[in-house]
Colleague: 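Quick one: the structure is below, and I'll ask about it shortly.
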Amino acid sequence: MLSTQGQRKRSGWKLPNFFHPSMGTKMSYHENILSKSGKRVWENAINICILNSVGRGQEFIIEGNKEVENWAKELIQRQFT
């Protein structure tokens with residue numbers, strides 16, 4: 001994952017669009033498009049989405065989308081080829 005370019009905060013992440021909750025993806029602490037205070041957590045764009053992550057920890061559990069699983073497998077496999 002790459003943090004969004006030109007952003008000073010490390011909480012902004014540019015991800016493939018299949019990470020967006022509208023694609024059936026569930027990510028711990030990021031299940032909703034808007035936070036309880038009404039702040040936008042997810043933004044959808046062409047071929048990408050932007051996640052404005054919460055400040056809790058560095059690891060998140062992701063489930064519900066086979067494309068995310070395949071994306072992660074490809075990243076790992078590229079490290080060994």
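Just the heavy atoms: all of them, side chains too, but no hydrogens, waters or symmetry mates, feed the values below. Not measured: the values here are computed from a predicted model. This chain uses plain numbering: 1 for the first residue, then up along the sequence.
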Colleague: Could you work out the complete set of other residues in the hydrophobic cluster of Ile76, with links drawn between I, L, V, M, F, W and Y side chains under 4.5 Å apart?
Modeller: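 ILVMFWY cluster around Ile76 also holds Phe80.
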Colleague: Can you give me the closest heavy-atom contact between Pro16 and Cys49, atom names plus distance?
Modeller: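 Shortest heavy-atom contact: O-SG, 3.5 Å.
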Colleague: Mind checking what makes salt bridge (charged side-chain N to carboxylate O under 4.0 Å, His left out) contact with Lys73, not counting sequence neighbours?
Modeller: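 For Lys73, the residues satisfying salt bridge (charged side-chain N to carboxylate O under 4.0 Å, His left out) (neighbours in sequence not counted) are Glu69.
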Colleague: Tell me the closest heavy-atom pair linking His30 and Asn52, and the distance in Å.
Modeller: CD2-O, 4.4 Å
Colleague: Let me confirm one number: the OH-OG distance from Tyr29 to Ser35, rounded to the nearest 0.5 Å.
Modeller: 16.0 Å
Colleague: The test is side-chain contact (heavy atoms from CB on, under 4.5 Å); show your working for Leu51 and Val41 and say whether it passes.
Modeller: CA-CA 6 Å; Leu51 166 64; Val41 176; 3.8 Å; yes
Colleague: Enumerate, atom names and distances included, each donor-acceptor pair closer than 3.5 Å involving a side-chain atom of residues 19-28, sequence neighbours excluded.
Modeller:
unit_1, atom_1, unit_2, atom_2, d
His20, ND1, Ser22, N, 3.0
His20, ND1, Ser22, OG, 2.8
Thr25, OG1, Phe18, O, 2.6
Thr25, OG1, Asn65, ND2, 3.1
Ser28, OG, Ile61, N, 2.9

Colleague: Take Val68 and Ile62 through the side-chain contact (heavy atoms from CB on, under 4.5 Å) test and state the conclusion after the steps.
Modeller: CA-CA 8 Å; Val68 173; Ile62 303 170; 3.7 Å; yes
Colleague: When clusters are formed by joining ILVMFWY residues with side-chain heavy atoms under 4.5 Å apart, either directly or through shared neighbours, do Leu75 and Phe60 land in the same one?
Modeller: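 As far as the 4.5 Å side-chain criterion goes, Phe60 and Leu75 are connected within one cluster.
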Colleague: About how many Å separate CG of Asn17 and CD of Glu67, when rounded to the nearest 0.5 Å?
Modeller: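 One gets 7.5 Å once the value is rounded to the nearest 0.5 Å.
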Colleague: Find the distance between CD1 (Ile33) and CG (Asn44) and round it off to the nearest 0.5 Å.
Modeller: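 Rounded to the nearest 0.5 Å, the CD1-CG separation comes out at 8.0 Å.
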Colleague: Say you draw a straight line from CZ of Arg40 to CG of Leu34; how long is it, rounded to the nearest 0.5 Å?
Modeller: 5.5 Å
